[in-house]
Chemist: 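Have a look at this one before I ask anything.
Predicted model only: the values in this text are computed from it and were never measured. The sequence lines fix the lettering, A, B, ..., with proteins before strands; numbering per chain opens at 1.
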Amino acid sequence: MAEVRHWLMKSEEDEYSIDDLARDGSTPWTGVRNYEARNLMRDEMKPGDLILYYHSNARPSGVAGIARVASKAYPDPLQFDPESSYHDKKATEEEPRWFLVDVEFVEKFDRVVPLAEVKDHPDLQEMTLVRRMRLSVQPVEEEEFRIIREMASS
DNA sequence: GCCAACGTTGGC
DNA sequence: GCCAACGTTGGC
C-alpha cells in the first residue's frame, strides 16, 4: 500500500465547518474553482490521505481538526448545474473541467490552532499556508502535520 | 468592511 | 503572448 500523504483544505467556517463535517460523516468537496487545487485533488490525492481541516474567515482562522480523503477524484456535479453559483458553462459531462474528492470526518481538535501560531512556529515557516495565502487545497509535510496536531493538544 | 495578494480574463 | 483590468480570497 502506498504511503499516506498529508494535505490542508480550507473551508469558510460559516459555509461548512468541522462540526458540519462531523454531523455529516463525509461530504463531496464541491466548489473548488482553482486549477492548482483541482490538479492536486484530481492527480495527487488518494483515499486514506490525511487532511488538516482549516477554517477560513473565522475568529480566529486556523486548523480545527483532521479529515481523511474518502474517494478517488470524480467530476464536481455542480459544474453542470445551471442553478448553482459553481456552474461552469464551458464544462460538459464528456469533458468535465472540475474534479473533487469526498472528505470524511476524523477528529475535531480540542482547540483551534490559530493561523498566527502557525506563522510564529519556527518549523512551520515553509508551509504553503504561511507562504501563499490563497490556495485552498495544499500539500503538507508529515512533520508539519504532526507539529500542528501536537499544538492542538497543548 | 477594508484592502492586499494574486489568479483569471480579455483586448490588442 | 503580454499585461492591465477585474474579480475573488481571506486576514484583520
Chemist: Between A:R132 and A:E36, is the closest basic N to carboxylate O distance under 4.0 Å?
Modeler: yes

Chemist: Between A:E12 and A:K119, which residue's closest nucleotide on DNA chain C lies nearer the 5′ terminus?
Modeler: A:E12

Chemist: Mind listing the closest non-hydrogen atom pair of A:E44 and A:R5 along with its distance?
Modeler: OE1-NH1, 2.9 Å

Chemist: Using a 4.0 Å cut-off to any heavy atom of chain A, which nucleotides of DNA chain C are the first and last in contact, reading 5' to 3'?
Modeler: C:dG7 to C:dC12

Chemist: DNA chain B: A:R131 or A:K90, which has the more 5' nearest nucleotide?
Modeler: A:R131

Chemist: So, A:K108 and A:D19, do they make that salt bridge, N to O below 4.0 Å?
Modeler: yes

Chemist: When we call it a touch if two heavy atoms are under 4.0 Å apart, what does A:R59 touch: a base, just sugar-phosphate, or nothing?
Modeler: nothing

Chemist: Would you call A:R146 and A:E142 a salt bridge, taking side-chain N to carboxylate O under 4.0 Å as the test?
Modeler: no

Chemist: Is the centre of the A:W29 ring less than 6.0 Å from the centre of the A:Y86 ring?
Modeler: no

Chemist: Would A:D88 and A:R97 pass as an ion pair if we require N to O under 4.0 Å?
Modeler: yes

Chemist: Where each residue is assigned the nucleotide of DNA chain B containing its nearest heavy atom, which of A:R134 and A:R97 is assigned the position nearer the 5′ end?
Modeler: A:R134

